[in-house]
S.K.: 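Before anything else, here's the structure in question.
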Amino acid sequence: MIEPTPTLAARFQSGDLRALARAVTLAEAGLPAARPLLKLARSGGIRSVVLGITGSPGSGKSTLSDALITELRAQGKRVAVLAVDPSSPYSGGAILGDRIRMLRHHADSGVFVRSLASRGALGGLSARTMAVLALLEGGGFDWIILETVGVGQSEVDVAAACDHTLLVVTPAGGDGVQAFKAGIMEIADVIAVNKADLPGASRTVRELTSAQALGWHDEHTWLAPVRQTIASRGEGVEKVIDAVLKHRAHLGEAGLAQRRRLRAEFEVRSLVQERLLRRARDTGGDLYARVASGELDAEAAADKLLSGS
Ligand SMILES: Nc1nc2c(ncn2[C@@H]2O[C@H](COP(=O)(O)OP(=O)(O)O)[C@@H](O)[C@H]2O)c(=O)[nH]1
Ligand SMILES: [Mg+2]
């Protein structure tokens, strides 16, 4: 097993990107060697804006996150992008867009891009995703963008994993209304109507804002700002950044601390779930078949899993 030599920890702490990449690899593999590095990373407190991006495949999430990198770099910010891709067996299997992004920003030490395979069920985010986010925060990035594929569990998990959730919709195909129906809009803190160069963008904005107005709200309710973007041309991106920062101000210190607490809860719960699933798999005989057949009651099966007997 690979032990974190003091030099790795020291190099990580000094902001060495190669040490960070190494730490991410350890955390992604769930190796215990990552734990001291995580401890170091987390000792620094809240340092980064952690922004999750969700939205249907093809809505322009990757293009938008690339445009965000460019705009944030122009503002002098250091940016890390973590793309969670359930189809990718490992970071070596980075999807094409990510690989292009990595190459484009390769020489820029203020940018770190990485693809992560999703290990959670249904493409959800795992405790390992959370660990990698923590490492990136420890690595001193001002912004950390978590890009999901926008399907299955990852669509919902993203809100639990980040400080702010950006939902990307397009004018085509009633995307906005779909989001409203699927209850995805509730998790959005900011909404980007991307591909605003296509017809129907302002109508989509109107649909979304009137849907928001219909929902229950009072003067304290955060209604996600809806911004038009043309990610492929970098247009409207600074407005999205401003809206995220406005949401951060709305959260305030207490609200942000609460989000962080929820993120930690998500991480610990994911770990517990992973371990229990592993235990259920390793239990002799098919535990669930025994419950189904009435041999064991469900409460007893749960006791068995929790006690590890
Ligand atoms: N017309 C138009 N196309 C865009 C825009 N943003 C992204 N695209 C295109 O939409 C396609 C899907 O984009 P991508 O970023 O890969 O979407 P993702 O699956 O959500 O990550 C690509 O062909 C992009 O070039 C935009 O603002 N306008
Ligand atoms: Mg993408």
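In each ligand, atom 1 is the first atom listed, and ligand 1 is the first ligand listed. If you read the sequence from its start, that first residue is 1, and numbering goes on from there. Since the structure is predicted, the reported quantities are computational estimates derived from the model, not experimental observations.
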S.K.: Hey, is A196 one of the residues with a heavy atom under 4.0 angstrom from ligand 1?
M.R.: no
S.K.: Would you call R11 and D16 a salt bridge, using N to O less than 4.0 angstrom?
M.R.: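 Here R11 pairs with D16 in a salt bridge, since their nearest N and O are under 4.0 Å apart.
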S.K.: For atom 17 (O) of ligand 1, what's the nearest protein heavy-atom neighbour? Residue, atom name and distance, please.
M.R.: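 Checked against all protein heavy atoms, atom 17 (O) of ligand 1 sits closest to G60 N, 3.1 Å.
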S.K.: Starting from atom 12 (C) of ligand 1, what is the nearest protein heavy atom, named by residue and atom, and what distance separates them?
M.R.: G58 O, 3.6 Å
S.K.: Tell me whether R290 is salt-bridged to D297, with the criterion being a basic N under 4.0 Å from an acidic carboxylate O.
M.R.: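 No, this pair does not count.
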S.K.: For the side chain of S126 and the backbone of R128, is there at least one donor-acceptor N/O pair under 3.5 Å apart?
M.R.: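 Such a contact is found between S126 side chain and R128 backbone.
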S.K.: Going by the closest heavy atom to atom 16 (O) of ligand 1, which one wins out of A67, G236, S62?
M.R.: S62
S.K.: Just wondering, is there an N, O or S atom on S62 that's nearer than 2.8 Å to the Mg ion (ligand 2)?
M.R.: yes
S.K.: Which ligand 1 atoms does K61 reach within 4.0 Å, using its non-hydrogen atoms?
M.R.: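 This gives 15 (O), 17 (O), 18 (P), 19 (O), 20 (O), 21 (O) as the contact atoms.
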S.K.: Which atoms of ligand 1 are found less than 4.0 Å from any heavy atom of S56?
M.R.: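 So the answer, numbered in order with elements, is 20 (O).
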S.K.: What residue and heavy atom of the protein are closest to atom 5 (C) of ligand 1, and at what distance?
M.R.: S232 OG, 3.4 Å
S.K.: Using a cut-off of 6.0 Å, state whether more than 12 heavy atoms not belonging to R35 lie near its atom CZ.
M.R.: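 No.
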S.K.: With heavy atoms of A231 as the reference, note each atom of ligand 1 found under 4.0 Å away.
M.R.: 6 (N), 27 (O)
S.K.: More than 12 foreign heavy atoms under 6.0 Å from CZ of R42: is that the case here?
M.R.: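 Counting neighbours around CZ of R42, more than 12 heavy atoms of other residues, nucleotides or ligands fall under 6.0 Å, so yes.
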S.K.: Does the protein place a non-hydrogen atom closer than 4.0 angstrom to atom 26 (C) of ligand 1?
M.R.: yes
S.K.: Ligand 1 and I230, any nitrogen or oxygen pair closer than 3.5 angstrom?
M.R.: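 In this structure, I230 places no N or O atom under 3.5 Å from an N or O of ligand 1.
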S.K.: Taking only non-hydrogen atoms of G55, do any sit less than 4.0 angstrom from ligand 1?
M.R.: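 No, that is not the case, since the closest heavy atom of the residue is not under 4.0 Å from the ligand.
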S.K.: Can you check salt bridge (charged side-chain N to carboxylate O under 4.0 Å, His left out) on E267 and R260, steps first, answer last?
M.R.: CA-CA 11 Å; E267 181 172 359; R260 294 296 173 123; over 6 Å; no
S.K.: For the residue pair D66 / T63, report whether a side-chain donor-acceptor contact shorter than 3.5 Å exists.
M.R.: no
S.K.: Can you name the one residue among R261, R259, R47, R263 that meets salt bridge (charged side-chain N to carboxylate O under 4.0 Å, His left out) with D163?
M.R.: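 Output: one option passes, namely R263.
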S.K.: Among all protein non-hydrogen atoms, which one is nearest to atom 28 (N) of ligand 1, and what is the separation to 0.1 Å?
M.R.: D197 OD1, 2.9 Å
S.K.: Report the member of L198, T63, N194, T148 with the shortest heavy-atom distance to atom 15 (O) of ligand 1.
M.R.: T63
S.K.: What are the atoms of ligand 1, with element, lying closer than 4.0 Å to any heavy atom of P57?
M.R.: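 Under 4.0 Å from P57, ligand 1 has these atoms: 19 (O).
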S.K.: Name the option, out of E235, K195, R233, that contains the heavy atom nearest to atom 10 (O) of ligand 1.
M.R.: K195
S.K.: Taking NZ, NE, NH1 and NH2 as the nitrogens, is one of them in R114 or E28 under 4.0 Å from a carboxylate oxygen of the other?
M.R.: yes
S.K.: Quick one: CG on D197 to OG on S232, what's the gap to the nearest 0.5 Å?
M.R.: 5.5 Å
